[in-house]
Each structure stands twice: as structure tokens, then as C-alpha cells.
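Right, I'll just put the structure down here and ask away after.
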Amino acid sequence: MIIVGVDGSVTARAAVEWAANDAFRMRLPLRIVHAVDRTPYQISKFPDRPDALLIEGARTLREAEALVHERRPTVEVTTRQVEGTPAAVLQEQAKEATELVIGSRGLGGFAGALLGSVSAHVAGHARCPVVVVLGGHRPVYGEVVVGVDDSPECEPALAYAFEQAALRGATLRAVHAWQLLVPAFAMDAPYDVDELRTAQHKVVGDRLEAAHARYPQVTVVESDVSATPVDALVEASGRADLLVVGSHGRGALGSMLLGSVSRGLLHHAHCPVAVVRT
């Protein structure tokens, strides 16, 4: 099941469209979720506000459901209104999801998701891939970009990226950004930069080859770039339909351990970003 969070904002509408398309491609049902957060109104000055929140939430869900029926009429869609903070609601809903989709910025329950705490919290804690979608329409480039390195954390992201490329009939661009930093303790020791680069490139190549074997129909383009991972992936995202990155987040500290690369991409990428946890 794919789950998408909505709040009536423009970017939430974009997230619904993205989720509906992915549900169609993956042949999965779609659940639209709206979080009703009463905490700002738990004071006597707003005695009638809670009911207004429920009414507005129901309207938001109806509009989102109608959008799915319009764009992808064959997708099975349900709606759910859940009381709680957006981050907590999405984290709980993610337990049932194959994929969780959220808009980059919102005006209601998911306000400021891209640059605020909601997306960082959800991406750091959710067990399933979390896709953060920008507002507005972009051209279709026919390319999925994934960040790869020599760590095991990139393997789930690679698998997800290959699946997305296969479903879309898209090219997969695997970006390996590298910067060799010599540790201070090694300054006086023999340090063969070429040897290190060769070893690192072999590990990355082996990971790509293993993943590619499961999706032989996908065309893979390798980009080996001397740059920071954020700079290289942001640049590649300008001509991509989706950017996929792994996350090191674990347990209760997941949102803190989301990592500088994931956080940087959520701030600066030009296309939807999928954060795939280890």
C-alpha cells in the first residue's frame, strides 16, 4: 500500500498526483491520510474549532480522492482522518506502507514539511521509503538518479532506484561523488590516492553490478564526480524525475541521524526526493 499525507496545500496536491501515479505503476492500493492536530486549539478561546478542523479535513480528503479518480481511475483509493500531530500520524501510518509520500511544504497539518521537522522526523523514523514531492509541474526527463558509495547503507536505495527506473522505463543514473580526505595521522605515512580510488570504485561497481543483475532491462549510466555528495546530487536532480538517497537513520535517534546528505538534498534538490532507510 502507498500512503500519502494531505493538508489541502498545493504541494500536497502534487504529492497526491505523484502517489497516484506510483500506485498505478506498482499496482498497489492508495490511502490518503489527513492528520487532525488539535493541540494548537486546546484553549477555551476556540470552543468550536475542533469541529471545524474535522469538517475541513473531510473536505481535504474528498478533494484529494477526486483528484486520484480523475488522474488514475483504476487505482483503488481509501481515505483516513487521524487525530494527532502530523509527524506522529505519518510515522504510525508508515508501518503499513510500502511507500510514504508527502508534499514539500504545506499550509496546514504538514506545514513546512521540506524545511521543517515533519519530513526530517518521518524520513528518519519510517521503515519504508519516504518520498518528498515539490510543488509545480516539471518536464518528464526519463531519468532516475541514485547516490551510491562504498557503504552498505546504499544497497536499499539502489534496489528502490532500480525498481523505480524499471517501472518508469527510465534510465538510472548512479552518481558516485568522492572527495579523498587524508587523515591527520596518515600525513607522514605512505598514502596511495590512486590505490584508494581504485578500491573504492571497485566496491561501488560491484554494488551496481549486483543490483543491475536483478533489473537487466534498466539502462544504467555511471557518473563518477569529484565533488561533495550534496553538490553532485543536487546538480543531477535538475534533469531527473526522482532522486533516491539512502539514510543512516536508526531507532529513536533516526531524525538526528538522517545525515547531512539527506538533509541537504531535502533542502536543495530540484525534483522529488526518496529517502530510503537502511
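All values reported here derive from a predicted model rather than from experimental measurement.
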Exercise for review: Would you mind reporting whether V273 and V131 have side-chain heavy atoms less than 4.5 Å apart?
Suggested key: no
Point to revise | R80 backbone acceptor or donor facing H34 side chain under 3.5 Å | key: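 Checked: no pair found.
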Review point. Any side-chain heavy-atom pair from V245 and V276 closer than 4.5 angstrom?
Key: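 No; the side chains remain at least 4.5 Å from each other.
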Check your understanding: Taking only residues two or more places apart in sequence or in another chain, which ones pass side-chain hydrogen bond (donor to acceptor under 3.5 Å, both in side chains) with R173?
Key ->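 Scan of R173 (side-chain hydrogen bond (donor to acceptor under 3.5 Å, both in side chains), adjacent residues dropped) gives E143, S223.
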Point to revise | Q217: side-chain contact (heavy atoms from CB on, under 4.5 Å) partners, not counting sequence neighbours | key: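 In terms of side-chain contact (heavy atoms from CB on, under 4.5 Å), with neighbours along the sequence ignored, Q217 is linked to A166, Y215.
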Check your understanding: Looking at residues at least two apart in the chain, or sitting in another chain, which of them share a side-chain hydrogen bond (donor to acceptor under 3.5 Å, both in side chains) with R71?
Key -> E17
May I have the list of side-chain donor-acceptor pairs in residues 83-90 shorter than 3.5 Å, sequence neighbours left out?
unit_1 : atom_1 : unit_2 : atom_2 : d
E83    : OE1    : R38    : NE     : 2.8
E83    : OE2    : R38    : NE     : 3.3
E83    : OE2    : R38    : NH2    : 3.1
T85    : OG1    : A88    : N      : 3.4

Check your understanding: Quick one: does V175's side chain get under 4.5 Å of V146's, heavy atoms only?
Key ->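 No, side chains not in contact.
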Check your understanding: Hey, does H176 have a side-chain heavy atom less than 4.5 Å from the side chain of E222?
Key ->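 Of all side-chain heavy-atom pairs linking H176 with E222, none is under 4.5 Å.
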Point to revise | V36 side chain reached by L54 side chain, heavy atoms, under 4.5 Å | key: yes
Practice item. Just jot down the side-chain contact (heavy atoms from CB on, under 4.5 Å) partners of E65, sequence neighbours excluded, or say none. Key: I32, H69, V77, T79
Review point. Can Y160 and V275 be said to form a side chain to side chain contact (heavy atoms under 4.5 Å, CB included), step by step?
Key: CA-CA 10 Å; Y160 178 85; V275 179; over 6 Å; no
Review point. Looking only at atom types and distance, does a side-chain atom of H270 sit under 3.5 Å from a main-chain N or O of S237, one as donor and one as acceptor?
Key: no
Point to revise | With E76 via side-chain hydrogen bond (donor to acceptor under 3.5 Å, both in side chains) - residues at least two apart | key: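 In terms of side-chain hydrogen bond (donor to acceptor under 3.5 Å, both in side chains), with neighbours along the sequence ignored, E76 is linked to no residue.
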Review point. Can you tell me how far CD of E56 sits from CG of D51, rounded to the nearest 0.5 angstrom?
Key: 13.5 Å
Practice item. Could I get the full list of side-chain hydrogen bond (donor to acceptor under 3.5 Å, both in side chains) partners for D241, not counting sequence neighbours? Key: none
Check your understanding: Who are the side-chain contact (heavy atoms from CB on, under 4.5 Å) partners of T219, not counting sequence neighbours?
Key -> T171
Practice item. Give every residue pair that meets the side-chain hydrogen bond (donor to acceptor under 3.5 Å, both in side chains) criterion with at least one member in residues 129-141, sequence neighbours excluded. Key: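 Found none.
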Review point. A177 and A232: which non-hydrogen atoms are nearest, and at how many Å?
Key: CB-CB, 3.7 Å
Review point. Between V218 and A165, which heavy-atom pair has the shortest distance, and what is it?
Key: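 Residues V218 and A165, closest heavy atoms: CG1-CB, 3.9 Å.
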Review point. Could you give the distance from NE2 (H268) to CG (L233), rounded to the nearest 0.5 Å?
Key: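 One finds 12.5 Å between NE2 of H268 and CG of L233.
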Review point. When rounded to the nearest 0.5 angstrom, what distance separates SG in C128 from CD in E96?
Key: 10.5 Å
Check your understanding: Any side-chain heavy-atom pair from L158 and L208 closer than 4.5 angstrom?
Key -> yes
Practice item. Tell me, please, which residues at least two apart from R62 pass salt bridge (Lys or Arg N to Asp or Glu O under 4.0 Å). Key: none
Check your understanding: Do the side chains of E163 and M26 get nearer than 4.5 Å, heavy atoms only?
Key ->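 Counting from C-beta outward, M26 and E163 do come under 4.5 Å.
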Review point. How long is the span from the CG atom in D22 to the CG atom in L167, to the nearest 0.5 Å?
Key: 7.0 Å
Review point. Can you tell me how far OG1 of T74 sits from CZ of R27, rounded to the nearest 0.5 angstrom?
Key: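 One gets 9.5 Å once the value is rounded to the nearest 0.5 Å.
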Review point. With sequence neighbours left out, what residues match R207 under salt bridge (Lys or Arg N to Asp or Glu O under 4.0 Å)?
Key: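 For R207, the residues satisfying salt bridge (Lys or Arg N to Asp or Glu O under 4.0 Å) (neighbours in sequence not counted) are E155.
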Exercise for review: Show the numbers, then the answer: is there a side chain to side chain contact (heavy atoms under 4.5 Å, CB included) between T60 and D7?
Suggested key: CA-CA 7 Å; T60 297; D7 62 3; 5.6 Å; no
**Study point:** Distance-only side-chain donor-acceptor flag, R31 / Q93, under 3.5 Å
**Key:** yes
Review point. After noting the C-alpha distance and the side-chain angles of V4 and W18, does the key distance pass the side chain to side chain contact (heavy atoms under 4.5 Å, CB included) rule?
Key: CA-CA 9 Å; V4 57; W18 200 96; over 6 Å; no
Point to revise | Set of salt bridge (Lys or Arg N to Asp or Glu O under 4.0 Å) partners for D231, sequence neighbours left out | key: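 Checked D231 against salt bridge (Lys or Arg N to Asp or Glu O under 4.0 Å); zero matches.
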Exercise for review: Give the minimum heavy-atom separation between C154 and G147, together with the two atoms involved.
Suggested key: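 Nearest heavy atoms, C154 then G147: CB-O, 4.3 Å.
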Point to revise | Nearest non-hydrogen partners of A269 and V234, listed with the distance | key: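 Scanning both residues, the minimum pair turns out to be N-CG2, 4.3 Å.
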Point to revise | Distance (rounded to the nearest 0.5 Å) between L30 CG and E99 CD | key: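 Reported to 0.5 Å precision, the distance equals 10.0 Å.
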Check your understanding: For A94 and L100, which heavy atoms make the closest approach, and how far apart are they?
Key ->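 Minimum heavy-atom separation between A94 and L100: CB-CD2, 4.1 Å.
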Study note, to complete from the structure: Between V6 and A64 the two heavy atoms that sit nearest each other are CG1-CB, 4.2 Å
